[in-house]
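One structure is given below, encoded as structure tokens.
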Amino acid sequence: MITSLNDRIKLNNGTAIPGLGLGVFQIPNEETADIVANGIKQGYRLIDTAQVYDNEKGTGEGISRGLKENDLQREDLFVTSKIWNNHLTYDETIAAANDSLQKLGLDYLDLYLIHWPGNDSFKDSYLALEQLYKEGKIKAIGVSNFQVHHLEELAKFATVTPVLNQVESHPKLIQAEVRDYAAKHDIKIQAWSPLMQGKILKDATLETIAKKHGKSVAQGDIQRDVLLVVKSVHPARM
Ligand SMILES: NC(=O)c1ccc[n+]([C@@H]2O[C@H](COP(=O)([O-])OP(=O)(O)OC[C@H]3O[C@@H](n4cnc5c(N)ncnc54)[C@H](OP(=O)(O)O)[C@@H]3O)[C@@H](O)[C@H]2O)c1
């Protein structure tokens, strides 16, 4: 279990990732810089964005401010982005990754994920990510929303095992099958929407269980999952 926003967990390539990160899904680009800078001030060290969120630029500005205002170094932060896998070729993937880096204003990404598997058309994209990983532009590569059959398909050609698979997971969606496969293959699971977009916080059954154990509903997520990305735009909730 992680006990602070600074706790890091080792991934299969030796990279250490903060257990709990701040996601910026559904935040308009022009609001993102303030929210990311605030998140860093509140102690978050992992920032999770994606090309499709259309706020990599704001995220980059927030990171730059957060580093300056809190006297941090780039390596104190862990930045994840994701490529929208829209039947991209190898070259298009390289170009898309460079575009992410440019918008974020970073020399390297800590983690780059294939956002969705698509119709099993992720081979060229994944091979391009392997190349960027070997060049050091991405410190770790992974996938998102992959089910077991996608991971099995990937294992047939990948020379670099994904460090993690980011999937929707909360008390109402435990993802047992993919968790089991991942554990056997040294791939971490990172939960997205761990609060079920805020809905689990109002669930009467979970509230009763949490009360019985002297915890908040959100704490249950932290005890169950090692890696999570959560979102709030409010400093107090962060
Ligand atoms: N890989 C993928 O396909 C994928 C898909 C979805 C999300 N993600 C990542 O996962 C991150 C988190 O997921 P998410 O944003 O969908 O959902 P989430 O973290 O489960 O929930 C976020 C929602 O909960 C609300 N909330 C947070 N703290 C609260 C509190 N203390 N009391 C009441 N409401 C609270 C937030 O509202 P306020 O902001 O108003 O506080 C927001 O509406 C995303 O930001 C993104 O980075 C990845």
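Counting starts at 1 for both ligands and their atoms, following the listed order. For reference, positions follow the sequence shown, starting with 1. Since the structure is predicted, the reported quantities are computational estimates derived from the model, not experimental observations.
Using a 4.0 Å cut-off between heavy atoms, A218 makes no contact with ligand 1 at all. The proximity of V167 to ligand 1, defined as any non-hydrogen pair under 4.0 Å, does not occur for either the backbone or the side chain. At a heavy-atom cutoff of 4.0 Å, ligand 1 is contacted by the backbone of M196 but not by its side chain. Contacts with ligand 1 closer than 4.0 Å are made by heavy atoms of both the backbone and the side chain of S193.
Put simply, the side chain of N29 gets close to the backbone of G58: a donor and an acceptor are under 3.5 Å apart.
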**Request:** Report the C-alpha distance between E56 and S81 in whole Å, list the side-chain angles of each, state the deciding distance to 0.1 Å, and finish with yes or no for side chain to side chain donor-acceptor pair (under 3.5 Å).
**Result:** CA-CA 8 Å; E56 285 176 311; S81 193; 2.6 Å; yes
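W116 and Y112 fall within the same hydrophobic cluster, where Ile, Leu, Val, Met, Phe, Trp and Tyr residues are linked whenever their side-chain heavy atoms come under 4.5 Å apart, directly or through other members.
Considering backbone and side-chain atoms together, L201 places no N or O closer than 3.5 Å to any N or O of ligand 1. In terms of polar-atom proximity, V230 is not counted as a contact of ligand 1, lacking any N or O under 3.5 Å from an N or O of the ligand. In terms of polar-atom proximity, K82 is not counted as a contact of ligand 1, lacking any N or O under 3.5 Å from an N or O of the ligand.
Atom numbering of ligand 1 starts at 1 in the shown order; those under 4.0 Å from a heavy atom of G198 are 21 (O), 23 (C), 24 (O). Atoms of ligand 1 found under 4.0 Å from any heavy atom of N145 (numbered from 1 in listed order, with element): 1 (N), 2 (C), 3 (O). Taking every non-hydrogen atom of H115 and a distance limit under 4.0 Å, the qualifying atoms of ligand 1 come out as 1 (N), 2 (C), 3 (O). The V24 neighbourhood of ligand 1 comprises atoms 45 (O), 47 (O), with distances under 4.0 Å to a heavy atom of that residue. For ligand 1, the atoms sitting less than 4.0 Å from at least one non-hydrogen atom of Q166 are 1 (N), 2 (C), 4 (C), 48 (C), numbered in the order shown with element in parentheses.
In terms of protein heavy-atom proximity, atom 27 (C) of ligand 1 is closest to K231 O, 3.3 Å. With hydrogens left out, the protein atom closest to atom 37 (O) of ligand 1 is R237 NH1, 3.5 Å, a heavy atom. Nearest protein heavy-atom contact of atom 11 (C) of ligand 1 is V229 O, 3.5 Å. Among protein heavy atoms, the minimum distance from atom 47 (O) of ligand 1 is reached at D48 OD1, 2.7 Å.
The local environment of NZ in K134 is crowded, with over 12 non-hydrogen atoms from other residues, nucleotides or ligands closer than 6.0 Å.
The NE2 atom of H170 sits 8.5 Å away from the CD atom of Q197 when rounded to the nearest 0.5 Å. Interatomic distance, L106 CG to S64 OG, rounded to the nearest 0.5 Å: 9.0 Å. Atom-to-atom distance recorded for N85:CG and S144:OG is 11.0 Å, nearest 0.5 angstrom.
In this structure Y53 satisfies the ring pair (Phe, Tyr, Trp, His ring centres under 6.0 Å) test together with F25, H115, sequence neighbours excluded. Residues passing the side-chain contact (heavy atoms from CB on, under 4.5 Å) test with I9 are I2, I17, K188, V226, L227, sequence neighbours excluded.
For R74 and D107, the salt-bridge test fails: no basic side-chain N is under 4.0 Å from an acidic carboxylate O.
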